[in-house]
Amino acid sequence: MAKIIDGKALSQKIKDELKQKVSDFEQKFGRKITLAVVLVGENPASQVYVRNKIKATEYVGMKSLSFYMPENSTEEEVSQTVLSLAKDDGVDGILVQLPLPKHINETKILNLIPADKDVDGFLAQNVGNLLLGEPCTIACTPFGVIKMLQSQNIELSGKNAVVIGRSNIVGKPMALLLLKENCTVTVCHSKTKNLSEVCKNADILVSAIGRPKFVTADMVKQDAVVIDVGINRTEQGLVGDVDFENVKEIASYISPVPGGVGPMTIAMLLENTYLCALRRNNIE
Ligand code: GUN
């Protein structure tokens, strides 16, 4: 039976450690680290995420600025909001919650965020530097997954890692981070042939495709480490990508949903905000 990687407990530990560092920053620089969050529209999932992010920001002692803009805001109006935060020296991090309404060009808006305030690690400069192995902000979710693996002292070097999903937010940066840890990395997606067999080869299996209980026990190698990034809202409530009850009998480690990767994403957002604040003051 697998050991359960408790993302909730680990995220709490990270937030409690940050509390002290955030307070030291305030003592030293005479101001609070500040994270600005922009939410456009009424997407219910986004509203929950943003509420949790703001709560956590305040918990670690950072200042939270929130901008709730109506669904019918124009691209120009959202641009102006982001640009004013970009110029504001008192703002350390800017988070534009995705997805934006369809009539707004996401790339155009994200590109208004200065790279040193890009707490999500979404900008080309941060993604490019991650690829090159240079200092950068790492996207929160994959960053959190690596922290979860490290928290259990799981050996990564030389292991076969399989990532299911190739999104810019999770799959692609996840693959880069596992490669940096010397894994042999395979990225699976909707066009992958023999996906089950590829997964069955994985020592480390990370699923980020957003399909409830997609990863079944027959796809998992004995004693594999299984990390579930999926958050799927079903009639049975919140369900991951992994058939947890059956896969836990085969895996050596498994992360649950809820209480796994989700809380870690928020903890890493705060860590990234802290790191951005340090970098903007030329300390690291
Ligand atoms: N939408 C879903 N996940 C994320 C995230 O990590 N950051 C932002 N900004 N939007 C998201």
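Whatever order the structure lists ligands and atoms in, that order sets their numbers, starting from 1. Along the sequence shown, residues carry numbers from 1.
The distance criterion of under 3.5 Å between nitrogen or oxygen atoms is met by L98 with respect to ligand 1. Residue V96 has at least one nitrogen or oxygen atom sitting less than 3.5 Å from a nitrogen or oxygen atom of ligand 1, judged on distance alone.
Closest to atom 6 (O) of ligand 1 among all protein heavy atoms lies D120 OD1, 3.7 Å.
Close approach to Q97 involves these atoms of ligand 1, each under 4.0 Å from a residue heavy atom: 1 (N), 2 (C), 8 (C), 9 (N), 10 (N), 11 (C).
Neither the backbone nor the side chain of E106 has a heavy atom within less than 4.0 Å of ligand 1.
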request  = Mind running side chain to side chain donor-acceptor pair (under 3.5 Å) on E42 and Y68 for me, showing each step along the way?
outcome  = CA-CA 9 Å; E42 279 95 42; Y68 295 100; over 6 Å; no
task = Test salt bridge (Lys or Arg N to Asp or Glu O under 4.0 Å) on K213 and D241 and set out the steps.
result = CA-CA 5 Å; K213 299 192 183 182; D241 286 351; over 6 Å; no
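Under a cut-off of 6.0 angstrom, the local environment of CD in Q222 is crowded, with over 12 non-hydrogen atoms contributed by other residues, nucleotides or ligands.
Residue contacts with ligand 1 include F122, since one or more of its heavy atoms lies under 4.0 Å from the ligand. Contact annotation: M268 has no heavy atom less than 4.0 Å from any atom of ligand 1. The closest approach between any non-hydrogen atom of L95 and ligand 1 is below 4.0 Å.
Using a 3.5 Å distance cut-off with no hydrogens or angles, the side chains of E197 and N201 do not pair a donor with an acceptor.
Applying the side chain to side chain contact (heavy atoms under 4.5 Å, CB included) criterion to N111, with sequence neighbours excluded, gives T107, L123.
Listed by first then second residue, pairs satisfying salt bridge (charged side-chain N to carboxylate O under 4.0 Å, His left out) with a partner in residues 64-85 read E75-K108, not counting sequence neighbours.
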